[in-house]
Amino acid sequence: MVTFDVKAAEALERQYDAGLKTREIGPWLTRFVFGFSFAFAAYHYVTAGTGVPVDYWHMGIHISGVLLLIYILFPIWGGARSLEMHPPAWWRIANVPLWDWVLAAAGVFGALYIGFTWHGVDVNIFGYHFVLRPQFMRQGNPAPTDVVVGTMFIVVLLEGVRRSIGIIVPIIILVFTAYAVLGPYIPVDILRHPGLGWGQYINNMYFPSEGIYGVTLWVVSTVVFHFVLFGVIAQRMGLGQFFVDVATVVAGRYTGGLAKVSVVSSAFFGTISGSSIANTVSTGSLTIPNMKRMGYPPHFAGGVEAAASAGGQITPPIMGAAAFVMAEFLEVPYTTIVIAATVPALMHYLGVMCIVHFKAKRLGLKGLPSEEIPKLWAVLKEGWPTALPLVALIYVLFKGYSPHMAAFWGITTALAVGFLNPRQRVSLRDIADAAAAGVQYALAVGAVCAAIGIVVGVVNSTGLGFRLGFIVTNGALSMAEALVPVLSWIPFTEFTLPGVTLLLSLVLIAITCILMGAGLPTTALYIMLVTVAQPALGNLGVPPLAAHLFVLYYGVISEITPPVCASAYAAAGIAGADPFRTGLAAFSLGIAKLLVPMVFVYSPAMLIVLPEYFTWSSFASTVFTCAVGIMLLAVMVAGYFVRPMPGPARVLCGLAGLFLVAPGIESDLWALAFAAPAVVQQVLAWRRDRTNGLASVATGS
């Protein structure tokens, strides 16, 4: 039986996830960080069940704790030397430089300033009478103190993001800031706007309810953090081992056994994980070495795990917590998002599973021996209590309660199972360790989601989203006008100007999402991309739900798209393979995720929940042709169907798959025309090999 080791998985996460690489600190500060993290987690857990404080206080408490821990744990530079314990010095306290303590204090002060000054201030300080009007009277006309504190807080926040996740997001935010402030001087007419003075910029970005203290920080402090905490605690209760055992029972006996176990277990982990890297190393620490032992090339074994794990971010019910943000943005029930995302997620895993299957057939790989596959009844008998937290969470969500209430009951059930389950009982120390680990996992996503609020604020304040949408559609229209006359020569197919314009616009937006999403946590990349790209899709007539899922899918694809493919790099490290080759393998395995968003944009019936588009016939035809198309693309990638496939036949299968994935009768007919020669070649090869085999048996050779 494959054994899941939580400690080993967490060690691998710290090795490959930049957001978990922290510096060594002194003993007393280590105890403080541990205690503070536990208290921080306990605060969120209790308020989830009893009621969240007023928004500006709750968000202020959350981001103040995040920034305090970031400046304690993350050095100014991320090199190995900076992470080591240094000799004592007057300017270091427990190995943390004085300037980091100052920045931490500034972050806490800036985060809590909104709450303390909300109802105004009237105090005497050293003989100076300081008066600050209530916040509602300063909205739109901030006091000089507001501007100073807001500026300081934004600087501290961006530096915290840079330390925890890298320089890309701060650069993006600085570009948006420059756009907001320098609007009148922009040379491009369509992008020019009246501009925001610095005081007005701080007013919009610092005061609720736009900018930093807007929907992004609210969701991360009331939903995302809770589900990160739930995932860590549930895993410590034994849910990870249960997932692996069930996946082994379901898929282990078939061709390419452990690779299919990797796909299935990663899909299961995706239901609780908010991180592709966490998903990759959790299941990959078990499946990648075993895939190599079975005969899979190292880069392919790593690619399987990375592609399957990245799918966890689009797998209901949690979807990297993006499902809850999406429900908030679209103002629809959470269950609507879950139902809509189910079939597209299944299409992704179908693609990965098909490629794994055909690759295993080509390599002659078998399933696991029966003695290595656990018995289903034994797995269920041993592990069913560990699944209760997930069942409780999903039940509460589907009963219509808030996500943080669902997380509260999920965590409560996990704690009860941990204390009462005689087969895997945990101690109070285990709970405290899990809570502290959950807080550390949430630091980077907490800081970056707060900072992404600035992007949302700038887009809303300047109308940038609609301006970019106009640029995209106008550019696509110009390219389409040049292409349509050329495409009109293709027989049996009609290419219209609006149709080609839509396709080119979708391709441009998809490429932008992949490039902008590189290296970001799922929730943050979704918020940023949907803010910028959704208006362009709206201009093209794409339904809002389809548009939101479209940008989420292409943002998540960045996790397995070279050269920036964090999940693939983590998998390559475990596999001992070349990172770039692993990234290419993961990208090819995730080909379904690349194409499925196009399907539900052209045929929203796949999403089920849009009544104006849904009929059972359109849904069935869309899903069937998409599934067969994905299978043909898998054949192309693997180079095998019933026999090894030559290059021309692979190309024909790829073309057939693309045309089948595209909804419509004409495209299906083209797919049939392309697929027929490849199928004939495979049948002839199979008959030839069968005849040769029978002849060999007859002659006794």
Side-chain angles (χ1 to χ4, degrees), residues 13 17-22 59-60 62-71 73-74 78 103-104 107 110-111 153-177 205-206 210-229 273-278 313 319-322 324-326 328-329 438-459 513 515-532 551-552 555-556 558-559 564 566-567:
E13 287 180 57
D17 190 343
L20 297 177
K21 293 181 179 179
T22 56
M59 289 188 284
H62 180 83
I63 195 62
S64 65
V66 166
L67 289 175
L68 174 63
L69 291 175
I70 282 177
Y71 280 105
L73 296 173
F74 291 87
L103 289 169
F153 183 67
I154 289 174
V155 171
V156 171
L157 177 60
L158 292 184
E159 170 61 10
V161 172
R162 186 196 68 80
R163 293 188 183 201
S164 58
I165 205 171
I167 192 65
I168 301 298
V169 172
I171 289 175
I172 292 172
I173 291 172
L174 290 175
V175 170
F176 275 83
T177 298
M205 302 307 127
Y206 183 48
E210 283 191 23
I212 295 170
Y213 284 83
V215 65
T216 57
L217 182 53
W218 175 250
V219 171
V220 82
S221 63
T222 57
V223 176
V224 177
F225 178 86
H226 299 73
F227 278 87
V228 171
L229 189 62
S273 171
S275 165
S276 296
I277 294 179
Q313 303 305 283
M319 298 166 61
F324 307 112
V325 189
M326 196 179 297
E328 189 84 17
F329 276 177
V439 170
Q440 188 171 346
Y441 291 139
L443 293 182
V445 70
V448 75
C449 283
I452 291 297
I454 297 176
V455 174
V456 178
V458 169
V459 170
C513 290
L515 293 176
M516 290 183 67
L520 287 180
T522 300
T523 313
L525 74 85
Y526 162 69
I527 293 168
M528 182 173 68
L529 294 176
V530 81
T531 302
V532 176
V551 298
L552 173 64
V556 170
S558 64
E559 289 280 357
V564 182
S567 294

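Side chains included, hydrogens not; waters and symmetry mates left out as well; all remaining heavy atoms used.
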Checking Phe153 now: which residues fulfil ring-ring contact (aromatic ring centres under 6.0 Å, His included) with it, not counting sequence neighbours? Tyr206
Return the set of residues passing side chain to side chain contact (heavy atoms under 4.5 Å, CB included) with Thr531 (not counting sequence neighbours), or none when no residue passes. Val456, Val459, Ile527
Hits for side chain to side chain contact (heavy atoms under 4.5 Å, CB included) against Val215, two or more places apart or cross-chain, chain-then-number order -> Val219, Glu328, Phe329
side-chain contact (heavy atoms from CB on, under 4.5 Å) evaluation trace for Ile212 with Ile63: CA-CA 10 Å; Ile212 295 170; Ile63 195 62; 5.7 Å; no
Heavy atoms only: give me the nearest Pro170-Gly166 pair and the separation to one decimal. CD-O, 3.3 Å
CD1/Ile165 to CG/Leu443 distance, rounded to the nearest 0.5 angstrom? 11.5 Å
Exercise: identify the closest heavy-atom pair between Val220 and Gly446: CG2-CA, 4.1 Å
Identify the residue among Val156, Val448, Ile70, Ile168 that makes a side-chain contact (heavy atoms from CB on, under 4.5 Å) with Val161. Val448
Working to the nearest 0.5 angstrom, can you tell me the gap between Tyr441 OH and Leu229 CG? 11.5 Å
Shortest non-hydrogen contact from Gly107 to Leu67? CA-CD1, 3.9 Å
Those residues at least two apart in sequence (or on a different chain) that pass ring-ring contact (aromatic ring centres under 6.0 Å, His included) with His226 are His44
Ile154 side chain near Thr177 side chain, heavy-atom distance below 4.5 Å: no
Rounded to the nearest 0.5 Å, how far does CG of Leu525 lie from CD1 of Ile452? 9.0 Å
Euclidean distance, Phe176 CZ relative to Met205 CE, rounded to 0.5 Å: 11.0 Å
Suppose we screen for side-chain hydrogen bond (donor to acceptor under 3.5 Å, both in side chains). Which residues come up paired with Ser64, at least two apart in sequence or across chains? none
Considering all heavy atoms of both residues, which atom of Thr216 and which atom of Gly211 are nearest to each other, and what is their separation? OG1-O, 4.2 Å
Determine the minimum heavy-atom distance between Ala450 and Leu217, stating which atoms define it. CB-CD1, 4.0 Å
Drop me the distance from Ile173's CD1 to Leu157's CG, to the nearest 0.5 angstrom. 7.0 Å
Atom of Ser164, atom of Ala444 and distance for their closest heavy-atom approach: OG-CA, 4.0 Å
Partner residues of Glu159 under the side chain to side chain contact (heavy atoms under 4.5 Å, CB included) criterion, sequence neighbours left out: Tyr71, Ile76, Arg162, Arg163
Val439/Phe225 under side-chain contact (heavy atoms from CB on, under 4.5 Å): CA gap, chis, key distance, verdict: CA-CA 8 Å; Val439 170; Phe225 178 86; 3.8 Å; yes
